[in-house]
Undergrad: 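My questions all concern the structure below.
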Amino acid sequence: MPDHPTRTRRDDSPEESRRARLSRTFDEDAELYDRARPAYPPRLYDDLAELAGTVPGSRVLEVGCGTGQVTVPLAGRGCRITAVEAGARMAAVARRNLTEYPAVDVVTTRFEDWPLPDEPYDAVVSATAFHWIDPAVRVPKAADALRPSGALAVVRTQHVNGGTQDFFVEVQGCYERFDPATPPGLRPPASADVDSTDHAREVAGSGRFGATLFRRYEQDLTYTTSEYLDVLRTYSGHRALPEAARKGLLECIAELIDERYGGRVTKRYLVELGVSLQGDGKPRLQPFSETSCSRQQKPRGNNTFLA
């Protein structure tokens, strides 16, 4: 296999020229997004409480709540949440999912346009969404929303090497056939090769936060053919393909899973939490990076991942 300069490219690094257009694709089928996207690891919420202070009664601003994938678990832990979501359909599903939590307010607007309230927040949380916000706005506005020593917590996700590895080698042929922008021979990176310094540099460069603390988690999720295609249909890059190319790509992938892999494949996800405290606030724990691994079937329920 040839060496690949793009092998460690992150899934959550959209080209700036396409960022705004791709970000709007998720709202096209909010029900599918709500049904298909996988859940975050439960330990993530323990670490959010420990590092970012998302404890019962805390005021949390969520940027890009989707259909409530992180909002629902945080609300269940007693957080008082303002959840900002640009997509009207996504926001409507989020409100439905959060009916039993009166301390959550879902606001339909772009974060860039939303006027900050007078009362600051204890934490700003953004899960698989921060990269869709205008880079000139996202970190400074998050800082403006926080109380002194408040926390910015950003969750990122990445498909990494593992799971049904041979499938992800073979499926590259489908992508190269139907999506000419696909680099030849592309492979998922090893978890250790996924670079997080871009986020740490961006946050540090604002001059508003201290060092970023990272926690990492891996999980293997197993999908049937139809479940896997549903997940793919929620990804911005797949949705942005011309209809004929998208149809051909999904048919090619389905045939490969059914004929070569018995109708089931397992995908490994790396989930990364980065927490930055505003100003000179002392970290709640010393900086370190930790990976916790779980091997599990796909959870059911309202969930999210990837660009």
Side-chain angles (χ1 to χ4, degrees), residues 1-16 18-19 22 37-44 47-48 51-52 64 69-70 125-133 135 138-139 152-169 171-172 175 181-205 209 211-221 223 231-232 234-238 265-276 287-296 298 303-307:
M1 183 192 310
D3 287 338
H4 239 297
T6 58
R7 62 189 174 90
T8 57
R9 180 182 177 273
R10 295 195 63 113
D11 294 329
D12 57 2
S13 300
E15 296 175 3
E16 182 58 25
R18 305 178 70 207
R19 176 183 54 79
L22 290 176
R37 289 285 184 123
Y40 291 107
R43 187 170 176 186
L44 170 71
D47 288 341
L48 274 170
L51 295 174
Q69 285 76 12
V70 164
V125 177
S126 187
T128 321
F130 208 58
H131 55 288
W132 296 118
I133 308 301
R138 58 196 180 202
V139 174
L152 169 62
V154 174
V155 180
R156 307 173 75 183
T157 56
Q158 174 75 38
H159 175 203
V160 294
N161 190 40
T164 312
Q165 296 186 41
D166 289 345
F167 165 73
F168 291 106
V169 173
V171 79
Q172 182 70 13
Y175 283 94
T182 302
L186 189 66
R187 301 289 182 266
S191 292
D193 293 336
V194 177
D195 187 9
S196 308
T197 58
D198 58 335
H199 176 67
R201 285 195 305 268
E202 179 183 357
V203 173
F209 293 92
T212 299
L213 315 179
F214 289 100
R215 291 280 176 91
R216 285 184 162 194
Y217 326 82
E218 290 182 14
Q219 59 181 2
D220 284 358
L221 303 183
Y223 299 95
V231 171
L232 295 182
T234 71
Y235 293 164
S236 60
H238 292 69
V265 291
T266 298
K267 184 173 184 176
R268 181 167 298 173
Y269 296 92
L270 172 68
V271 180
E272 182 178 67
L273 169 65
V275 178
S276 316
F288 74 106
S289 178
E290 177 181 287
T291 300
S292 59
C293 298
S294 64
R295 304 289 178 255
Q296 60 190 61
K298 178 181 179 291
N303 309 311
T304 192
F305 273 83
L306 286 187

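Remember, predicted model here, so these are calculated numbers, not experimental data. We count residues from 1, following the sequence as given.
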Undergrad: Say whether, by atom type as modelled, one donor and one acceptor occur between the side chain of R268 and the main chain of T266 under 3.5 angstrom.
TA: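 Looks like no, no N/O pair under 3.5 Å.
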
Undergrad: Can you tell me how far CZ of F214 sits from OG1 of T197, rounded to the nearest 0.5 angstrom?
TA: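 Rounded to the nearest 0.5 Å, the OG1-CZ separation comes out at 8.0 Å.
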
Undergrad: Are side-chain heavy atoms of P41 and Y269 found at a separation under 4.5 Å?
TA: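 No. Closest side-chain heavy atoms not under 4.5 Å.
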
Undergrad: Quick one: closest heavy-atom pair of P188 and F168, and the distance?
TA: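 Smallest interatomic distance, heavy atoms only, reads CG-CB, 4.3 Å.
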
Undergrad: Report yes or no: does E272 contribute a side-chain atom to a donor-acceptor pair with the main-chain N or O of Q158 at less than 3.5 Å?
TA: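 Checking the backbone N and O of Q158 against the side chain of E272, no donor-acceptor pair under 3.5 Å is found.
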
Undergrad: Any luck finding a side-chain donor-acceptor pair between R138 and S126 under 3.5 Å?
TA: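 S126 and R138 do not have a side-chain donor-acceptor pair below 3.5 Å.
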
Undergrad: What distance do K267 atom NZ and T164 atom OG1 have between them, rounded to the nearest 0.5 Å?
TA: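 With rounding to 0.5 Å, NZ (K267) is 11.5 Å from OG1 (T164).
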
Undergrad: State the CG-CZ distance between D47 and R216, to the nearest 0.5 angstrom.
TA: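 Rounded to the nearest 0.5 Å, the CG-CZ separation comes out at 14.0 Å.
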
Undergrad: Taking the side chain as C-beta and beyond, is there a heavy-atom pair between Q172 and T182 under 4.5 Å?
TA: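 The answer is yes, as the side chains (C-beta and beyond) meet within the 4.5 Å cut-off.
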
Undergrad: Just verifying a value: how many Å separate H131 NE2 and D198 CG, rounded to the nearest 0.5 Å?
TA: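 Result: 11.5 Å between the selected atoms.
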
Undergrad: If I take atom CG from residue D195 and atom CZ from residue R201, how far apart are they, to the nearest 0.5 angstrom?
TA: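 It is 6.5 Å, given to the nearest 0.5 Å.
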
Undergrad: Restricting to non-hydrogen atoms, name the atom on V275 and the atom on A153 that form the minimum distance, rounded to 0.1 Å.
TA: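 Closest heavy-atom pair between V275 and A153: CG2-CB, 4.1 Å.
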
Undergrad: Answer whether the closest heavy-atom distance between the side chains of V70 and V155 falls below 4.5 Å.
TA: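 Of all side-chain heavy-atom pairs linking V155 with V70, none is under 4.5 Å.
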
Undergrad: T128 and Y40: side-chain donor and acceptor closer than 3.5 Å?
TA: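 Yes, a side-chain donor-acceptor pair sits under 3.5 Å.
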
Undergrad: Mind listing the closest non-hydrogen atom pair of V203 and S276 along with its distance?
TA: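 What the structure gives for the nearest pair is CG1-OG, 3.5 Å.
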
Undergrad: Find out whether Y175 and L186 are in side-chain contact, i.e. whether some heavy atom of one side chain is under 4.5 Å from a heavy atom of the other.
TA: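 No, too far: nothing below the 4.5 Å cut-off.
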
Undergrad: Could you give the distance from CG (D193) to CG (L270), rounded to the nearest 0.5 Å?
TA: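 Atom-to-atom, D193:CG and L270:CG are 11.0 Å apart.
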
